[in-house]
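Everything below concerns the one structure shown next.
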Amino acid sequence: MEKIKKNPLSLQPDLSLFEPATLEERESLNVMRPSIGFWQDGLRRLRKNSVAMVSLIAIVIILFIAFIVPTFYPYDYKTQDKSAGNLAPMAYSKAEQARIDAGEFVMPHLIGTDNLGRDLAVRIMIGSRISITVGLVASAIIMIIGTIIGAVSGYFGGLVDQIIMRIVDMIYTVPDLVIIILLYAILRVPLKELADSVKAFEWIGTIGVGLISIFIVFSLLYWVGMSRIVRGQILSLKEQEYVTAARALGASSGRIISKHLIKNSIGIIIVTTTLQIPSAIFTETFLSFIGLGVAAPMSSLGSLASDGLAGLYTYPHRLLAPALMIALIILAFNLFGDGLRDAFDPKLRK
Amino acid sequence: MSKFILKRLGFAVLTLAIVITMTFFLMYLIPGGPFLSEKAPTQATLDALNAKYGLDQPVYIQFKNYVVKLFEGDFGMSLKQRGRTVNDIISTKFPVSAQVGGLSIIVAVLVGIPIGSYAALHRGKFWDRFFNVLSTTGIAFPSFVMATVLIVLFSVYMKIFPSYGLEAPINYVLPVLSLAVYPMAYISRLMRSSMLDVLGQDYMRTARAKGVSQFRILFKHALRNAVLPVITYLGPLIAYTLTGSFVVEQIFTIPGLGKEFIKSIMNRDYPLVMGTTIFLAAFVILMNFIVDIVYKIVDPRIKLN
Amino acid sequence: MSKVLLDIRNERLSFFTPAGEVKAINDVSFSMNEGDVLGIVGESGSGKSVTAYSIMGLNAEPGRLIGGEIHFNGHRIDQMSERELRKIRGNEVSIIFQDPMTSLNPVYTIGNQIVEVLRLHTHLNRKEQKARAIELLRLVGISEPEKRLKQYPHEFSGGMRQRIMIAIALACEPKLLIADEPTTALDVTIQAQILELMIELKNKIGMSIIMITHDLGIVSTICEKIAVMYAGKIVEYGTVDEIFYETAHEYTKGLLRSIPKLTEKQHEKLVPIDGTPVDMLNPPAGCPFASRCSSCMKICLSQMPEYTHLSDTHYSACWLLQKKELTKGEEEENRG
């Protein structure tokens, strides 16, 4: 505006200004923004989310500590050393002290030892390994079962959908952990017998009856959340024109579900699965804590915390260390899951 | 409305029936009777015991007997606590759990809703970020982890709060807090996002355009809408508190039903396991039913079916 | 001549977003008399709604009034506190929004929502409030108003809800009714009914109306004057006849070319306006319409044109008009 006032037209009109502008001159006004694909866009947003990136780094470090460090750590989770029982953090037993005096390097017990002289640091690492494995495997199981049931329910609709959704509603209204504990208590015995008696099922014993029953329980009950989300997504996707087009071109139901519907729901499925991991870890540690999870000498973070509870007043660190580890793992996965959700599915943000 | 209630009631009863049936047959399928764990009983005593508890009859008769007794409100006898009925155990233990759990739910709701609303109204400002950090940390602490951390901090190191029993009001602090932190954090997040959602709605603009004051806009127009998701969360919240009580009661040595339930599973006290499972399931189903009806009252948009 | 009701002078309003300042209203001035019906026309993002909201002080953060004066019925809206504004809103100025489906609070009965505005601005007692609410519902053509008062918004159709919004807006007999695209979300037949209702009520109550729309058809049927907005500016202002028959601005011409006419021959093609609206975060130095204008000149790219007054009521901001004036002057000089 001011420019015009400084350049009053009535005095010296510069008529060249009134010539038609060229196309290029006009085009230059339109600033084009580059278009970006779905995955690229999501990854870019994820990378910009510092909280998500920090939690991703935390997850990587946790995985390293849980899966790699124990392989070269000087102590292992089951070797008992009666002479080194109940050591405080960073303390050494008499025998170890003698070795140090002799000039030998002895790895300190970072978090001390338990009453059987087992190094707690490595037990917590192994415990994290178990808990994370359960979280990952259980989430994978939930993802597969939930996706299939949700997709079938959403795609076919009608009676199938009605029945599945009523079942989902029922499982929702029942206190899941009560049922899980019950199922778990019941499954453990026959599974153990199966492992002991039938050669082909020996692997059950190796993995641990506790873990197997946790997986079974998860696959029986925990798919409901995932299936609801996938169903909702499929219901809205199935109305899209390209699905109608695919059907018109004679694509089979299986192909439409797998090619068009699942592929377009993949973002939501990944996000839900990631957010399922901490909840699965929570359930596993909970069960182990009340003594229904993995069996000794295996340790899970839950059973370690439960062991720590016994010597609460004398050795509070034995309780605190695994408990905080659980919180840390859940926190890292929660935050990373939130970041993924914000990056790939802004609609889900809640 | 009555049609809605009837429908939900029917659904609740059906769910409960399935839970009862499942529980019964699952328990029946467990190999080795309940008396196996005791030190090598003779066949004669085993037979006598089985006869006494009716375990020698065909399964469908046992089921029928059990259901008939359930209808009479009789959960049977405990196997391990001689002379005590399951009813007796539940009726003495449940009030204790209900007290602790109820308190923690009240705390979670009364703290979570204002915090979430406040954060939404001050979105992006200091307190919003502050509460966001707190609530994010809060939902990483499931009840038993919270309990252990609290007990180490406040009982072992600081010695402010007692770590067991329920004698005085001060004993309630730690267990109630252990159970309340997670739902508190969850509700505040839920409330924040739903409040933000509501604040962006057109009807909020309408209210402003009518000349309604900020205060009334918040309390009359926003809160009632924003609180709806929290009401739907009440069902899961009750279930969470209930299961949380299993460990919290164990950690704080509170003589509640949760502790009893875990003990009964360890002891293979089958009638007690079944009774407690069915009772707890029925309780949660009933609560969900009530929540459904409350939701229907608060949100007139819910359809009748 | 009747009294001036609303006078807006050089209003500027910006949204301060994280991405930068968006000049939603950039030096807008207009005035209207009591009883006037003014149409504000423009595409989405042109600033027409923001202008209307600013008359009620309704623009919330991050929108801020950064210049100009708004005189309404003896008040200085731009200088009023929130508390003072509340006494005006719903009382002296009312508004009807675009989407009736979402503009009513879903958890309260419509009776409750009508009575709310009466309770705020009148001294009626409960019984009188209810009687007035019933009267209002009858006024906007809702049958069985006694029964309808107790119903919730979701029990009404879109058109019915818009009638209820009108009833709420008219409850305190405002001096000015702002209608922000009141029919956009409705079926065509319902649209006509709502417009008819508005005209009928205007005649009955005698208020002024600002009709915000992108539909020139609506404007031509109910408005007397029209302001055409583009990128936060009024690019042309005039009476309906002047806008339609003596169109001055290239953007207005484009708008008119893009409406189908029943009278034209079948093969007459509709001409859309090419291109997209300007990026309001980085507005061009010159005329904002330049990049889409078929008669764009070099000067349009670098400098903003001032208004050229074509009559007492008709003015427009376009370099073509300036050029015409300029060359007219030269011709006269040459002749002399």
Side-chain angles (χ1 to χ4, degrees), chain A residues 51 166-167 169-190 192-193 278-279 281-283 285-286 289-292 301-302 305-306 308-309 312-320 322-335 338 349-350, chain B residues 11-12 14-16 18-19 22-23 26-27 29-32 136-137 139-149 151-153 155-157 163 189-190 193-194 197 229 235-236 238-240 242-244 246-247 250-251 261-262 265-266 268 273-274 276-277 280-281 283-285 287-289:
Chain A
V51 175
R166 285 296 83 77
I167 294 173
D169 281 348
M170 272 180 194
I171 295 181
Y172 255 113
T173 50
V174 165
D176 49 0
L177 268 171
V178 174
I179 304 297
I180 285 181
I181 292 171
L182 185 73
L183 276 178
Y184 177 81
I186 293 161
L187 282 171
R188 202 157 47 155
V189 186
K192 196 162 167 49
E193 275 175 9
S279 118
I281 292 177
F282 160 67
T283 308
T285 48
F286 178 93
F289 187 85
I290 55 178
L292 295 175
L301 289 174
S306 169
L309 194 61
L312 174 65
Y313 280 89
T314 344
Y315 313 103
H317 65 273
R318 285 191 200 163
L319 176 55
L320 212 49
L324 289 180
M325 194 66 192
I326 295 171
L328 183 70
I329 293 175
I330 293 181
L331 185 65
F333 277 102
N334 265 342
L335 289 177
D338 283 348
R349 208 178 311 192
K350 273 216 167 149
Chain B
F11 184 70
L14 178 66
T15 311
L16 187 60
I18 291 176
V19 169
M22 254 181 54
T23 314
L26 281 173
M27 297 305 284
L29 285 178
I30 299 181
T136 314
T137 321
I139 54 169
F141 282 82
S143 52
F144 75 99
V145 179
M146 197 68 222
T148 58
V149 172
I151 212 168
V152 170
L153 279 183
S155 301
V156 178
Y157 288 135
S163 66
R189 288 167 73 90
L190 200 62
S193 71
S194 90
D197 192 41
I238 291 164
Y240 168 87
L242 194 85
T243 43
F246 298 168
V247 274
Q250 212 161 14
I251 294 172
F261 180 55
I262 304 299
I265 283 183
M266 300 298 181
R268 298 186 175 199
V273 171
M274 273 170 75
T276 327
T277 307
L280 292 178
F283 177 71
V284 172
I285 290 168
M287 286 300 153
N288 273 311
F289 169 66

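The figures that follow rest on heavy atoms only: side chains count, while hydrogens, waters and symmetry mates do not. To find a chain, count down the sequence lines: A is the first, B the second, and so on, and within it residues start at 1.
You'll find the side chain of A/L320 stays beyond 4.5 Å of the side chain of B/T148, heavy atoms only. A/L319 is not listed as a side-chain neighbour of B/V156, based on a closest heavy-atom distance of 4.5 Å or more. With a 4.5 Å cut-off on side-chain heavy atoms, A/I290 and B/F144 do not count as touching. Between A/F286 and B/P142 there is no side-chain heavy-atom pair separated by less than 4.5 Å.
Contact of B/T23 with chain A is made through backbone and side chain together, with heavy-atom distances under 4.5 Å. The part of B/I265 that comes within reach of chain A is its side chain, from C-beta onward, which places non-hydrogen atoms under 4.5 angstrom from that chain. Residue contact with chain B, scored on non-hydrogen atoms closer than 4.5 Å, involves the backbone and the side chain of A/T285 alike. Contacts of A/I171 with chain B are absent, with no heavy-atom separation under 4.5 Å from either backbone or side chain. For B/F261, the part lying near chain A is the side chain, with the backbone staying farther off; criterion is any non-hydrogen pair under 4.5 Å. If you measure heavy-atom distances from A/L309 to chain B, the contacts under 4.5 Å come from the side chain alone. In this structure, the portions of A/P316 lying under 4.5 Å from any heavy atom of chain B include both its backbone and its side chain. Only the side chain of B/Y157 comes within less than 4.5 Å of a heavy atom of chain A; its backbone N, CA, C and O stay farther away. Interface remark: B/V149 contributes backbone and side-chain atoms alike to the contact with chain A (heavy atom separation under 4.5 Å). For chain B, the nearby part of A/D338 is the side chain; its heavy atoms alone come within less than 4.5 Å.
Across every non-hydrogen atom of B/V145 and A/A327, the tightest pair is CG1-CB, 4.3 Å. Taking every heavy atom of both residues into account, A/I330 and B/A140 meet most closely at CG2-CA, 3.7 Å.
A/D169 contributes atom CG, which lies 11.5 Å from atom CG of B/L14 (distance to the nearest 0.5 angstrom). To the nearest 0.5 Å, atoms CZ (B/F141) and CG (A/L331) are separated by 7.5 Å. The CE atom of A/M170 lies 13.0 Å from the CG atom of B/N288; values are rounded to the nearest 0.5 Å. Remark: A/L335 CG to B/T136 OG1 distance equals 6.0 Å, nearest 0.5 Å.
Taking A/F333 as the reference, nothing meets the ring-ring contact (aromatic ring centres under 6.0 Å, His included) condition, with sequence neighbours excluded.
When B/T276, B/I18, B/I251, B/L280 are compared by the number of non-hydrogen pairs under 4.5 Å with chain A, B/I251 comes out ahead.
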